[in-house]
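Note sheet for the following structure.
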Amino acid sequence: MQHYSGFGLIKHSLSHHENWQRAWRNPTPKKKYDVIVIGGGGHGLATAYYLAKEFGVTNVAVIEKGYLGGGNTARNTTIVRSNYLWDEAAHLYEHAMKLWEGLSQDLNYNVMFSQRGVLNLGHTLQDMRDIQRRVNANRLNGIDGEVLDTKQVQELVPHMDCSANTRYPVLGASWQPRAGVARHDAVAWGYARGADAHGVDLLQQTEVTDLIIEDGTIVGVKTNRYGDIMADRVGAVVAGNSSVVAKMGGFELPLESHPLQALVSEPIKPILDTVVMSNHVHGYVSQSDKGDLVIGAGIDGYNGYGQRGSFPTIEHTLQAIVELFPIFSRVRMNRQWGGIVDTCPDACPILSETPVKNLYFNCGWGTGGFKATPGSGHVFAASLAKGEMHPLAKPFSMFRFHNGALVDEHGAAGVAH
Amino acid sequence: MLHIYCPHCCEYREEEEFHVKGQAHLARPLDPDACSDKEWGEYLYFRKNPRGLHHELWVHAAGCRKFFNVTRDTVSYEIKEVYLVGEKPSVVAHSGSAK
C-alpha cells in the first residue's frame with residue numbers, strides 16, 4: 001500500500017498526480033475463503049479490515065452487489081456520538097467512539113473526523129428529565145456529557161431560536177463535546193484500502209444469490225458472477241437487505257426495512273459549527289465543510305426497499321428545521337435521497353449467531369449505524385475470527401427477541417426516531 | 001406521495017391521512033400462556049419484511065379511522081390491491097420470486 005503523506009502529495013504534484021497507485025485491487029476470487037463478508041458498506045469493510053489487521057484472518061473476501069460504500073454509508077448524515085442510555089449500547093457505541101478518535105492515523109486515510117459536539121435538545125420538562133437521566137448514565141459509563149440550560153445552548157448556537165415565544169421552546173439540551181461528524185465516503189474508502197492492503201479480496205458488482213447450506217451449516221455462497229465461493233464462516237452485513245439474505249438461510253429476523261431520507265442545502269457561509277438534534281420537533285442538522293446544511297429526520301412509516309421516500313416526510317423534516325432555525329427558511333435544498341434502514345423493535349442492532357451454523361449477522365442498526373462503523377466492524381471481526389460472539393456483542397443476539405432481554409433505546413436515549 | 005383507496009370511504013386519499021400498522025394477517029396466539037418464549041417472541045417481533053409484494057395493515061387515521069389491508073410492492077411502492085380485514089388477498093407473491 002502506498003503511504004499517504006504531505007510529502008507524497010508534493011512528490012506526485014511533479015507528475016501531475018497521474019501516477020497514484022490504485023487504492024485497491026480488482027481481484028479474481030479464490031475458490032475458498034476462511035471468511036466471507038457479504039456487503040461492502042462501512043460496517044462490512046471495517047469487519048474485513050479488523051479481521052485481517054487485528055485478528056490475523058487474511059483469507060477474506062467482501063462480496064458487494066453494487067460498489068463499495070454505495071448504500072447507507074453514502075446516504076447518512078455522518079453524525080458520530082456515543083451518548084446512549086443503557087450500559088450495553090453505551091459500551092458498544094463508546095467502543096466505536098474510541099476507535100474513531102484514532103481512525104485517520106490507523107487507516108492512513110483522512111476520514112475528517114471532527115469532534116464538534118452534538119446537542120440533543122429538550123423541549124418539555126419530561127425531555128429535560130430524560131436528558132438528565134441519560135447524561136448521568138453516560139457519565140457513570142465514562143462517556144462525556146453535560147446538561148445545558150437554554151442560555152448555554154443559545155451561546156453555543158447563536159442562530160437558533162431559543163426564545164420562549166416558539167411553539168416548542170428550547171428548555172435545554174444534552175451536550176456531548178467528543179461527538180461530531182466524519183466524512184462518510186472516506187470511512188468506506190479508508191477501510192477498503194486498508195483491508196485490501198492486508199490481502200482481503202474486495203469483489204464488487206457481485207451479488208450473492210443464495211447461501212449454500214449443508215446439514216444446517218453454511219459452507220459457501222452462490223454468486224451471480226463467480227459461481228459458488230466456499231467459506232468456513234460467513235458474516236452478513238447487508239443492512240436494509242438483511243431480511244432478504246436471512247430468507248435465503250431459511251429464517252426470519254425481527255427487522256423491518258424502511259426508507260430514511262436526508263437532504264442537503266445549497267452551500268452557504270459557515271453558520272453552524274456543531275450538530276443540533278431534536279427528538280421533539282424531530283429533525284437534525286449540521287453543516288458540512290463544503291458549506292451545505294445536512295438535514296435528516298425520521299423514517300417513512302411504511303416498509304420500503306426503493307431507496308427514496310415520500311414528500312410528506314421531507315416536509316415534516318423541514319418544518320422542524322425551520323422551527324429551530326427561522327434563519328434557514330429561505331435556504332434552498334439541493335439534493336434529497338433515501339437509504340434503506342433495517343430497524344429493530346428495540347432500536348438496537350443485531351450482532352448475532354443465527355439458526356444456521358457459522359452464519360453470523362450484523363444488522364438492525366436502523367437509523368444510527370454510521371456512528372458505530374469502527375466498533376461494529378471490530379467486535380464483529382472478533383466474533384467471526386473466534387467463532388464466538390465478542391463480549392460487547394453478546395447482549396445484541398437476535399435471540400433476545402425470544403427471551404425478552406431487549407435493550408430498549410427507543411425514545412429513552414438520544415435515538416431520534 | 002401514495003394515493004390510497006380507502007375501502008370504507010370508497011375514495012382515494014393522500015398518504016398523510018393514513019398510518020401503516022405493519023404486516024397484515026398476524027394472528028394472536030389463541031392461548032398466549034401456552035406459547036413457548038420462541039413462539040411468543042416470533043408473534044411479537046419477527047416479521048416477513050419482503051423485497052417485493054407485501055401485505056400490510058393500514059388505518060385511515062385522519063379519516064374514518066377504520067382498518068384495512070393493502071398489498072403493495074416494497075420496491076416500486078405500487079399498490080396492487082386494497083381489501084378488507086378478514087378477506088384474503090387475490091394478488092400474492094409466487095413462492096421463490098420475492099427474493
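Side-chain atoms are counted along with the backbone in the values below, which use heavy atoms only and exclude waters and symmetry mates. First the proteins, then the strands, lettered A, B, ... as listed; each starts at 1.
Smallest separation of non-hydrogen atoms from A:L253 and B:F46: C-CD2, 3.7 Å. B:S76 approaches A:R308 most closely through the heavy-atom pair O-NH2, 3.2 Å. The shortest non-hydrogen separation linking B:Y77 to A:P259 is OH-CG, 3.3 Å. Taking every heavy atom of both residues into account, A:S243 and B:N49 meet most closely at OG-ND2, 2.6 Å.
In A:K357, the NZ atom is not crowded: 12 or fewer heavy atoms of neighbouring residues, nucleotides or ligands sit closer than 6.0 Å. The local environment of OH in B:Y12 is sparse, with at most 12 non-hydrogen atoms from other residues, nucleotides or ligands closer than 6.0 Å.
When the candidates A:F251, A:F399, A:F401 are compared by the number of heavy-atom contacts under 4.5 Å with chain B, A:F401 comes out ahead.
Taking 4.5 Å as the heavy-atom cut-off, the residues of residues 31-45 of chain B that approach chain A are B:D37, B:K38, B:G41, B:E42, B:Y45, ordered by number. Using non-hydrogen atoms only and a strict 4.5 Å limit, no part of residues 218-228 of chain A faces chain B.
Counting only distance, with no hydrogens or angles, the side chain of A:Y302 and the backbone of B:R72 share no donor-acceptor pair below 3.5 Å.
Contact annotation for B:K21: neither backbone nor side-chain heavy atoms come within less than 4.5 Å of a heavy atom of chain A. Contacts of A:D346 with chain B are absent, with no heavy-atom separation under 4.5 Å from either backbone or side chain. Proximity to chain B is limited to the side chain of A:L406, based on heavy atoms less than 4.5 angstrom apart. For chain B, the nearby part of A:H316 is the side chain; its heavy atoms alone come within less than 4.5 Å.
Side-chain polar atoms of A:E256 and B:H54 form no donor-acceptor pair below 3.5 angstrom. Residues B:T74 and A:N303 have side chains that never bring a donor and an acceptor to within less than 3.5 angstrom of each other.
Put simply, the side chain of A:P312 reaches to within 4.5 Å of the side chain of B:E16, judged on heavy atoms.
To the nearest 0.5 Å, atom OH of residue A:Y305 and atom CZ of residue B:R51 are 7.5 Å apart.
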Practice problem: List the steps, then state whether salt bridge (Lys or Arg N to Asp or Glu O under 4.0 Å) holds for B:R47 with A:E252. | Solution: CA-CA 7 Å; B:R47 296 293 179 261; A:E252 284 182 1; over 6 Å; no
